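Single-structure report; data block below.
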Amino acid sequence: MPELPEVETVRLGLLPFMVGKTIEGVEQRRADLRFPLPKDFAARLTGRRIEAMDRRAKYILARLDEGEVLVMHLGMTGRFTVDEANGAAVTPGVFAHPGTEGARHEHIVFHLKDGAAIRYADARRFGYMALVPESEMAEHPLFKGLGLEPLGDDFTPQALASVLAGAKTPLKAALLDQRRIAGLGNIYVCEALYAARLSPVRLARTIVTKDGRPTERCVRLCEAIKQVLTDAIAAGGSSLRDYAHADGSLGRFQYSFKVYGREGKPCPGDDCQGVVKRLVQSGRSTFYCPSCQR
DNA sequence: AAGAACTCCTGTTGGC
DNA sequence: TGCCAACAGGAGTTCT
């Protein structure tokens, strides 16, 4: 569920509570999430100090002293809440659920030495955590095949062209493929394609020249991806099912959706009379305007 | 070997 | 109101 902007929002929210802190203990309430949790997970974390928290694609990376990295992926329903040392509860991100709803699926709690607790709940358990030595990150299966970082300096029209060149798959599927670009999900692919006025059905290779150079469409798409993600992060990400409970810590970008979830509504384009259409591509909903996205 | 379909799991929603 | 199918922000595995 969380895509890059939501993961980034969660990371920023956790940052002040976790960086520089030492883990006093870990409650692990089940052996696995999507995958088995690391062997001796709690023991290996206990006593470690969190030196930094970074993000790669949709992964949050907590860099620990002694050289390991705690890798966290939220899957579809992963969410963190923080019990502050002073007893207040904070939700650093966009996935707050009111009341006690989340407690049933609370699988992991990190207790910090300063008294704070970082709680991880995940109803569907598509999230996962791993412990990877810093030196093995680049070669680790989770990261080895990961594609371009869309907000990185090296995400250029040429770089985008190079990962789309020759791809016979529709643009929608290509942009969801984390081996090409890492961090986009269903919402932001739809929104970026709309912003670039490109059809999700168009074959990816058709925005790359025969010799692998970006076409004007590819340049537009590159810009659109960066813009949509940047705007979404600035808005604190998107909160869908829980947006009605907005309390200031929830994302606001859902109010800026142009096409996502807007089937049957008029295209928001200034001089477009089109209607937003929904179709299914590789089992996922795609929303787009057939009139102005070509 | 690329690309699409299936799969994991639980909760919510919309249509009858 | 109740029931149930469809669907949900992801992505690894298995098929074709």
Side-chain angles (χ1 to χ4, degrees), chain A residues 1-10 30-36 56-60 71-80 93-107 121-130 140-147 163-192 200-205 228-229 232-233 235-245 250-257 259-264 278-287:
Chain A
M1 129 181 322
E3 306 180 34
L4 188 154
E6 290 74 38
V7 174
E8 180 65 7
T9 301
V10 170
R30 48 181 306 133
D32 52 58
L33 295 173
R34 180 173 187 184
F35 305 119
R56 167 72 170 116
K58 299 174 195 171
Y59 295 92
I60 295 172
V71 174
M72 297 172 279
H73 194 294
L74 303 175
M76 291 279 265
T77 51
R79 37 179 69 93
F80 283 103
V94 295
F95 303 120
H97 266 224
T100 56
E101 188 277 336
R104 192 149 91 79
H105 295 294
E106 192 172 275
H107 308 304
D122 187 347
R124 291 174 75 180
R125 300 201 304 278
F126 287 172
Y128 41 103
M129 295 192 189
H140 192 277
L142 289 176
F143 297 98
K144 187 169 185 188
L146 223 44
V163 299
L164 297 181
K168 283 197 268 191
T169 194
L171 265 179
K172 168 80 188 300
L175 296 180
L176 281 176
D177 182 348
Q178 305 295 300
R179 293 166 302 185
R180 303 181 197 271
I181 306 177
L184 295 178
N186 208 29
I187 291 176
Y188 297 105
V189 166
C190 290
E191 293 297 315
V201 179
R202 170 188 282 277
L203 296 192
R205 64 177 178 188
V228 166
L229 293 178
I233 290 170
S238 308
S239 304
L240 292 193
R241 310 194 132 47
D242 40 10
Y243 74 93
H245 307 285
L250 299 184
R252 299 177 307 279
F253 194 71
Q254 64 276 12
Y255 303 119
S256 301
F257 290 167
V259 288
Y260 186 84
R262 298 179 55 82
E263 180 182 18
R278 171 181 180 270
L279 56 83
V280 175
Q281 290 179 288
S282 42
R284 324 274 315 266
S285 290
T286 297
F287 299 91

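The model shown is predicted, which means the values in this text are computed figures rather than measured ones. By convention in this document, chain letters (A, B, ...) are assigned in the order of the sequence lines, proteins followed by strands, and residues within each chain are numbered from 1.
- Taking only side-chain atoms of A:Ile187, from C-beta outward, the nucleotide of B:dT10, C:dG12, C:dG9 with the closest atom is C:dG9.
- Heavy atoms of A:Arg278 sit under 4.0 angstrom from primed sugar atoms or phosphate atoms, though from no base atom.
- Atom OG1 of residue A:Thr286 and atom NZ of residue A:Lys172 lie 2.5 Å apart, to the nearest 0.5 angstrom.
- Checked against a 6.0 Å centroid threshold, the rings of A:Phe257 and A:Phe287 do not count as neighbours.
- When distances are taken from the side chain of A:Asn186 to each of B:dC8, C:dA11, C:dG9, the shortest belongs to C:dG9.
- For A:Arg124, counting side-chain heavy atoms from C-beta on, the closest listed nucleotide (B:dC9, C:dG9, B:dG11) is B:dC9.
- Among the atoms of the strands shown, only primed sugar atoms or phosphate atoms (P, OP1, OP2) are found under 4.0 Å from some heavy atom of A:Gly185.
- Using a 4.0 Å heavy-atom distance criterion, A:Arg30 is classed as making no nucleic acid contact.
- In this structure, A:Glu3 places its CD atom 8 Å from P of C:dG9, rounding to the nearest Å.
- The side chain of A:Ser285 contributes an N or O atom lying less than 4.0 Å from OP1 or OP2 of C:dA8.
- Backbone-only contact: A:Pro170 has heavy atoms under 4.0 Å from sugar-phosphate atoms and none from a base.
- Checking A:Thr77 against A:Arg124 by side-chain atom types alone, no donor-acceptor pair falls below 3.5 Å.
- Rounded to whole Å, the P atom of B:dA5 lies 15 Å from the corresponding atom of C:dC7.
- A:His73 has a side-chain polar atom (N or O) that falls below the 4.0 Å cut-off from OP1 or OP2 of C:dA11.
- For the pair A:Arg180 and B:dG3, the criterion of a side-chain N or O lying under 4.0 Å from OP1 or OP2 is met.
- Among the atoms of the strands shown, none is found under 4.0 Å from any heavy atom of A:Phe253.
- In this structure, the nucleotide among B:dT10, B:dA4, C:dG10 sitting nearest to the side chain of A:Lys58 is C:dG10.
- Close to B:dA4, at under 4.0 Å from its OP1 or OP2, lies a side-chain N or O of A:Thr169.
- Both distances falling under 3.5 Å, in either a Watson-Crick or a G-U wobble arrangement, occur for no nucleotide opposite B:dC9.
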